[in-house]
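Basis for what follows: all heavy atoms, side chains included, without hydrogens, waters or symmetry-related copies.
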Amino acid sequence: MDEEQKIREDADEKLINDAFQRLLDSYTASRHRKKVDIITKAFNFARQAHKGVRRLSGEPYIMHPIAVAQIACEEVGLGSTSICAALLHDVVEDTDYTTEDIENIFGPKIAQIVDGLTKISGGIFGEQASAQAENFKKLLLTMSEDIRVILIKICDRLHNMRTLESQPANKQYKIAGETLYIYAPLANRLGLNKIKSELENLSFQYEHPEEYAAIKSKLASTEASRHELFDEFTAPIEESLNKMGVKYHIKERVKTPYSIWNKMQNKHVTFDEVYDILAVRIIFTPNNREEEINECFNIYVAISKIYKSHPDRLRDWLSHPKANGYQALHVTLMSKQGRWIEVQIRSDRMDEIAEQGFAAHWKYKEGEDVEYTEDETELNDWLRTIKEILDDPQPDAMDFLDAIKLNLFASEIFVFTPKGEIKTMPTGCTALDFAFSIHTFLGSHCIGAKVNHKLVPLSHKLQSGDQVEIITSKAQHVQPSWINFVSTAKAKGKILAILRRDSRELQKQGEELFTEFLKKNNIDDIPNAADLLTEFHDIRNRDEFFQAIGEKTILLGDKDVDELLGKNAADKRGWRKFVPFLDRGKQKKAAEDQTELFVVPEKFNRKKPIYITDDNIKQYQFKHCCHPIPGDDILGFIDGKHQIEIHKRACPVAAKLKASYGNRILDAKWDMHKKLFFDATIRMQGIDRVGMLLDISQVISSQMNVNIHKLTIASEEGVFDGTIELRVHDREDVGNIIGQLKKITDVQDVTQIM
C-alpha cells in the first residue's frame with residue numbers, strides 16, 4: 001500500500017511541477033517584466049495550503065489554481081500581480097489562512113484582489129451558492145475597486161466549466177445556466193471574445209448534449225466544402241492585397257455550435273439554412289499606428305472591386321468602437337457561388353483587443369502590471385454605471401440581476417444631444433431613458449422630447465444617430481406606468497426609488513389618518529385593527545392598506561367601525577359571507593390540487609435525476625412560460641412550497657432560476673410511453689393555391705398518433721399564414737409532422753411556436 005501511495009504521490013508531484021513550469025514558460029514569454037520569484041513564492045504557499053486536498057475529478061486541488069493562473073496569463077494576458085492572486089484565490093476561503101496573512105507575505109495589492117475573490121466566491125460549487133444574485137452583487141462591488149478581480153473570476157469560471165464533467169447533472173445545469181446568464185455576457189462586455197465563445201459552447205454542451213453533438217457532426221461533415229469555398233473566395237483577395245504591398249494574414253472564422261443553435265432557435269431555421277457559418281477575417285500590420293483606420297478602408301475599397309458588397313451590411317466600429325473596446329470594419333460580400341460572406345477587416349492591435357479585451361490594452365503600455373488608469377474611459381463609464389445600480393439596488397435579487405443584464409450587456413446605439421455631444425445608449429432605449437441618463441431631475445419632470453426636431457412621447461424608442469432634446473415641466477411627476485417603457489437600469493432604478501419614496505409618504509399619511517379615525521370612534525384599543533381591515537378590504541398587506549388610505553382610494557366609514565366592533569365578527573370575509581359555497585369550492589379545489597403535487601422531503605437526494613412517467617406526471621407543475629413536452633431537454637426546480645416545477649432547460653425563466661437559486665435545480669428526465677397527449681402549435685407560411693388545405697389535412701391525418709385540435713389559415717394576396725393546434729405524444733411527433741409539412745409544394749416555412 002505504501003509503495004502504491006508513493007507512486008501516486010510521485011505522479012502528483014510530476015503533474016503539479018509540469019503544470020507550474022508551463023505557467024512560468026508562458027509568463028516569461030509575455031511582454032511583462034519578469035517577476036518569477038514572487039510567482040514561485042505564491043505557488044509554494046498555495047501548494048502547502050491545499051496539500052492533501054483533491055477535487056471531485058480526483059486530481060490534486062492545487063491543479064485548479066495553477067490552471068486559473070495559466071488562463072489569466074496566457075489567454076487574458078495579465079501580469080505577476082494577477083497570476084499570484086489567481087494562485088492564491090482559494091487559500092483564504094478553503095484553508096485557515098486569512099487575508100492579513102496574505103497581505104503580510106505578498107503585500108496589499110495581491111491581498112486586496114484575493115479578498116475580492118474570496119468575497120464573491122461563496123462556494124460556487126457548494127450548497128450555499130443559492131443566492132447567486134447576492135454573490136454577483138458582491139462581485140460587482142469588488143470589481144469597481146479593481147477590474148482584475150472580475151478578470152480572474154472569469155478565468156476561474158472558465159476552468160470550472162472545462163472540468164464540469166465531474167459534477168452531477170443538477171449541478172451541471174445550475175453552473176452552465178449561471179455561466180450563460182452572468183459570466184458569458186460579462187466576458188463579452190470586457191471584450192474577452194474567445195472566452196465568451198468558449199463559455200457559451202461549454203454551457204450549451206452540458207445543457208443540450210444531443211443538439212450540441214448533432215451540430216458538431218454537421219460542422220465536421222461540411223468542413224471540406226467550407227475550406228473549398230474559403231480558398232476560392234480568398235484567392236483573388238490575396239492577389240489584390242499582395243499588389244498593394246499590405247502585410248496581412250487571412251483567417252477562416254467558423255460560427256460556434258452555440259451561436260449556430262441560437263440562430264436556429266431565434267430564426268426558426270435548420271442547420272442548412274444558417275448562411276453565415278463561415279466568415280473571413282483579414283488581419284493586417286499597419287505601416288504606422290496613425291494610418292491603421294485609413295488602411296482598413298483601403299482594404300475594403302480593394303476587395304469591394306472584386307466582389308459586390310451588401311449595401312445594408314457595412315458595420316463600421318473604427319471611428320466609434322463598441323463599449324468593450326472592439327474595433328473592426330465588417331462588410332458582407334457576394335461570393336462567386338452566390339453566397340453572402342462576411343469579411344472582418346482589423347489591424348493586429350484591434351485583433352488582440354478583440355480576443356483579449358481590456359487586458360490587451362495593458363500590453364501596449366510600458367512596464368509590468370500597469371495599474372488600471374483613468375484613461376480607460378469606456379471601462380470607467382461602465383464601472384460608474386455599476387456603482388449607480390449598486391447605490392440603489394432593487395429589493396429583489398432577480399430584479400437586480402435583470403437590471404445588470406439590461407444595462408451592461410445590451411448592444412448600443414449613438415444618440416446626439418442638442419449641442420451635438422454623443423451619448424452611448426443601449427439598443428431599445430426610449431426618450432425617457434435618455435432623460436434619466438442625463439439627470440434624475442430631467443427624467444422625473446420629463447413630459448416629452450423632440451427627436452430630430454419632431455415632438456414625440458416619452459415612450460418613443462430611439463434609433464442610432466437621433467438628436468434628442470428633452471422637454472420638461474415642473475408640474476410633471478413620476479408615474480407608475482413609466483416603468484413599462486424604460487429599458488435602462490438607471491431609469492428603472494430611479495423611477496422605482498421615487499415611487500417607493502412617494503408611496504412611503506402616502507403610507508405615513510394613511511397611517512396618521514387611520515390613527516385619527518380610531519381615536520375619533522373610540523376604538524383605538526382593538527389589537528391588530530389595521531390587519532382586520534386590510535383583510536376586510538381584500539388588500540394584500542398593511543403597507544398597501546395605509547397607502548390606499550393615503551391615496552384616498554379607501555375612505556374609512558361606518559362599515560369599518562361595524563367590522564372592528566364585531567357586528568360582523570362572526571365572519572371576517574366581507575361580502576363573501578353571503579355566498580357561502582364560493583370559498584368552499586375554492587378550498588376543495590385547492591385541497592385536491594395540493595394532494596396531487598409531490599412535496600420534496602427534507603432528506604431528498606438532489607443529485608439523482610427525477611423521472612417523469614405517465615403515472616406520476618400530475619405530481620409535477622408544468623409552467624406556461626415554456627410548455628415542455630416529452631422529448632424536450634428539461635430540468636426540475638424546487639419552489640417555495642417544496643413542490644417541483646418542470647421547465648425546458650432553454651426557458652428564459654429557468655435561466656434566471658439557475659442563476660439565482662442554483663441549489664434548487666434538479667436533473668429531470670422523461671420516461672413516457674406515448675400514452676398521454678400534450679398541446680403543440682405549429683405555424684405555416686407559403687404560397688396559396690388550390691388544394692393546399694387538402695394537402696395539409698392529409699399530412700396530419702396520416703400521422704396515426706396525433707389529434708388535430710384547431711386549424712386556422714388566412715390567405716391574403718396569394719400568400720397564406722396558418723396555425724395548427726395539435727395534441728401530440730412527444731417532440732418526435734412534432735418533428736415528424738414538421739418534416740412532412742415542409743415537403744408540401746409551395747409551403748415556405750414551418751415552425752413550432754410552443
Report yes or no: does Gln327 contribute a side-chain atom to a donor-acceptor pair with the main-chain N or O of Leu318 at less than 3.5 Å?
yes
Nearest heavy-atom neighbours spanning Ser437 and Met425
OG-SD, 3.7 Å
Determine whether more than 12 heavy atoms belonging to other residues, nucleotides or ligands lie under 6.0 Å from atom NE2 of His310.
yes
Minimum heavy-atom separation for Ile195 and Leu158, please, with both atom names.
CG1-CD2, 3.9 Å
Derivation of the side-chain contact (heavy atoms from CB on, under 4.5 Å) call for Ser487 and Thr430
CA-CA 7 Å; Ser487 67; Thr430 59; 5.9 Å; no
Distance in Å, Cys651 SG paired with Ile634 CD1, rounded so as to fall on 0.5 Å steps:
12.0 Å
side-chain contact (heavy atoms from CB on, under 4.5 Å) evaluation trace for Asp633 with Glu207:
CA-CA 8 Å; Asp633 289 339; Glu207 290 215 88; over 6 Å; no
Using the ring of each side chain (for Trp, its six-membered ring), is Tyr326 parallel, tilted or perpendicular to Trp317, with breaks at 30° and 60°?
perpendicular
Scanning both residues in full, the closest heavy-atom pair of His89 with Ala86 reads ND1-O, 2.6 Å
Distance in Å, Asn484 CG paired with Leu432 CG, rounded so as to fall on 0.5 Å steps
11.5 Å
Does some side-chain heavy atom of Leu202 sit less than 4.5 Å from a side-chain heavy atom of Leu164?
no
What is the minimum heavy-atom distance between Ala650 and His208, and which atoms define it?
CB-NE2, 3.7 Å
On a heavy-atom basis, the closest approach of Lys196 and Ala184 is CG-O, 3.4 Å
Rounded to the nearest 0.5 Å, what's the gap from CD on Glu645 to SG on Cys625? Could you check?
7.5 Å
Is it true that, when you exclude Gln463 itself, more than 12 heavy atoms of the residues, nucleotides or ligands shown sit nearer than 6.0 Å to its CD?
no
Going by an N to O cut-off under 4.0 Å, is there a salt bridge joining Arg683 and Asp749?
no
When rounded to the nearest 0.5 angstrom, what is the spacing between CD in Glu511 and CZ in Phe514?
9.0 Å
Basic-acidic side-chain contact under 4.0 Å: Glu178, Lys174:
yes
Donor-acceptor pair, Ser347 side chain versus Glu292 backbone, under 3.5 Å?
no
Would you call the rings of Tyr258 and Trp261 parallel, tilted or perpendicular if under 30° counts as parallel and over 60° as perpendicular?
tilted
Where do Leu192 and Tyr183 land on the side-chain contact (heavy atoms from CB on, under 4.5 Å) test, with the steps shown first?
CA-CA 11 Å; Leu192 301 165; Tyr183 290 93; over 6 Å; no
Note, Asn663 side chain near Asn170 side chain (heavy atom, < 4.5 Å):
no
Thinking salt bridges, do Glu211 and Arg649 make one under a 4.0 Å N-O criterion?
no
Using modelled atom types only, decide if a donor and an acceptor are shared between the side chain of Asp433 and the backbone of Thr488 within a distance under 3.5 Å.
yes
Does Lys255 have more than 12 heavy atoms from other residues, nucleotides or ligands lying within 6.0 Å of its NZ?
yes
Check the pair Lys194, Glu75 against side-chain contact (heavy atoms from CB on, under 4.5 Å), reporting the backbone distance first and the verdict last.
CA-CA 9 Å; Lys194 233 169 151 180; Glu75 298 179 50; over 6 Å; no
Let me confirm one number: the CG-OG1 distance from Leu186 to Thr179, rounded to the nearest 0.5 Å.
11.0 Å
For the backbone of Cys446 and the side chain of Gln476, can you confirm whether one donor and one acceptor N or O come within less than 3.5 Å of each other?
yes
Donor-acceptor pair, Gln467 side chain versus Pro418 backbone, under 3.5 Å?
yes
Going from CD on Glu512 to CD1 on Ile549, what distance comes out if it is rounded to the nearest 0.5 angstrom?
11.5 Å
Just by distance, do the side chain of Asp639 and the backbone of Lys641 share a donor-acceptor pair under 3.5 Å?
yes
Minimum-distance pair of heavy atoms, taken over all atoms of Leu458 and Ile447
CD2-C, 3.6 Å
